[in-house]
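Notes for the one structure printed next.
First listed ligand is number 1; within each ligand, the first listed atom is number 1. As a basis for the values below, the full set of heavy atoms in this structure was taken, side chains included, without hydrogen atoms, waters or symmetry mates. This one's a predicted model, so the numbers in the text were calculated from it and none came from an experiment.
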Amino acid sequence: MLSDKLKSFGVADAADINNCWPTEERLKKGPVVVVECFQEIPCNPCETSCPRQAIVVGANINDLPQVDHNKCNGCTVCVSRCPGLAIFVVDATYSPTESAITMPYEFLPLPQKGETVEALDREGNARGAATVIRVVNTKAQGKTPLVTLAVPKGREKDVRFFRRR
Ligand code: SF4
Ligand code: SF4
């Protein structure tokens with residue numbers, strides 16, 4: 001069931017995110033996909049692009065994607081394929097003090113590795129500084145490059161975008 005915030009404003013709240021969040025046990029094993037897709041629309045590139053069949057939409061293309069986090073190895077292939085920019089990869093094992101979040105980024109110019117940026121939550125609120133640790137922009141990403149941020153541990157559930165300083 002969707003939260004009132006999501007139904008009214010299109011912004012997922014904590015309960016919506018908890019429904020698609022990997023278990024603590026899975027998070028401890030390394031990078032894993034987080035699919036924040038809440039609307040029943042005819043769409044399935046997440047399913048067709050995943051080499052490990054970790055995401056299934058199924059016969060009815062309007063159904064929401066079902067994710068098996070234990071099949072996912074965090075490869076990030078599906079992140080660039082999602083037209084809704086609704087897929088992220090979270091690595092809670094990045095370092096003892098930081099988590100890494102890989103997100104789709106369709107703005108130019110792209111940030112540089114090592115750059116400090118302002119992390120933003122789903123509503124555009126500032127969530128402190130983050131460091132760009134990877135930028136991937138090859139033919140495989142099409143027109144949706146990937147940017148990975150390192151954020152303080154505990155922010156991996158909230159940070160979903162950033163602003164360059
Ligand atoms: S990150 Fe890779 S393995 Fe995981 S769901 Fe996406 S495409 Fe599949
Ligand atoms: S590709 Fe993205 S928008 Fe489409 S069903 Fe999958 S997660 Fe949802």
Side-chain angles (χ1 to χ4, degrees), residues 1-3 5-95 98-107 110 113 120-124 130 132-151 155-162:
M1 199 169 106
L2 304 182
S3 68
K5 187 174 179 183
L6 183 52
K7 283 190 275 191
S8 302
F9 302 109
V11 179
D13 77 3
D16 301 306
I17 299 307
N18 284 340
N19 287 335
C20 60
W21 195 245
T23 62
E24 287 304 311
E25 188 184 18
R26 175 60 190 86
L27 285 166
K28 284 179 188 163
K29 292 180 181 169
V32 63
V33 76
V34 176
V35 179
E36 300 186 7
C37 179
F38 304 107
Q39 201 166 21
E40 294 181 2
I41 54 173
C43 185
N44 71 351
C46 50
E47 176 180 49
T48 57
S49 66
C50 178
R52 299 172 68 93
Q53 291 78 50
I55 305 179
V56 175
V57 174
N60 182 352
I61 198 170
N62 293 297
D63 283 347
L64 293 177
Q66 302 300 312
V67 182
D68 185 339
H69 292 117
N70 290 316
K71 286 186 179 173
C72 171
N73 67 353
C75 72
T76 73
V77 166
C78 58
V79 180
S80 293
R81 299 293 197 285
C82 171
L85 308 182
I87 305 182
F88 306 84
V89 168
V90 168
D91 182 3
T93 67
Y94 174 66
S95 87
E98 294 179 304
S99 295
I101 308 166
T102 298
M103 59 191 69
Y105 189 79
E106 295 184 334
F107 291 86
L110 289 170
K113 183 179 175 183
L120 303 175
D121 67 14
R122 294 175 186 81
E123 294 176 87
V132 176
I133 57 171
R134 190 166 57 235
V135 179
V136 183
N137 184 25
T138 71
K139 208 172 167 186
Q141 282 73 46
K143 293 183 177 170
T144 306
L146 302 179
V147 174
T148 305
L149 300 184
V151 300
R155 292 263 160 85
E156 60 275 359
K157 235 176 183 174
D158 300 327
V159 172
R160 287 298 175 268
F161 204 62
F162 63 91

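In this structure, CZ on R160 lies 10.0 Å from NZ on K157, to the nearest 0.5 angstrom.
Contact residues for ligand 2 (protein heavy atom closer than 4.0 angstrom to any ligand atom): V35, C37, C43, P45, C46, C82, P83, I87.
Near R52, meaning under 4.0 Å from any of its heavy atoms, are these atoms of ligand 1: 3 (S). Of all the atoms in ligand 1, the ones that sit under 4.0 Å from a non-hydrogen atom of G74 are 1 (S), 4 (Fe). Taking every heavy atom of P51 and a limit of under 4.0 angstrom, the matching atoms of ligand 1 come to 7 (S).
At distances below 3.5 Å, at least one donor-acceptor pair connects side-chain atoms of D16 with backbone N or O atoms of D13. Checked by atom type and distance alone, the side chain of E47 pairs as donor or acceptor with a backbone atom of G58 at under 3.5 Å. The backbone N or O of T144 sits less than 3.5 Å from a side-chain atom of S80, completing a donor-acceptor pair.
Taking 4.5 Å as the limit, some side-chain heavy atom of W21 sits within range of a side-chain heavy atom of V90. Within the 4.5 Å cutoff, side-chain heavy atoms of P104 are placed close to those of V79. Put simply, the side chain of V147 reaches to within 4.5 Å of the side chain of F162, judged on heavy atoms.
Partners of K5 according to the side-chain hydrogen bond (donor to acceptor under 3.5 Å, both in side chains) rule, which considers only residues two or more places apart in sequence or in another chain, are E123.
Contact annotation: for N73 versus ligand 1, heavy atoms closer than 4.0 Å belong to both the backbone and the side chain.
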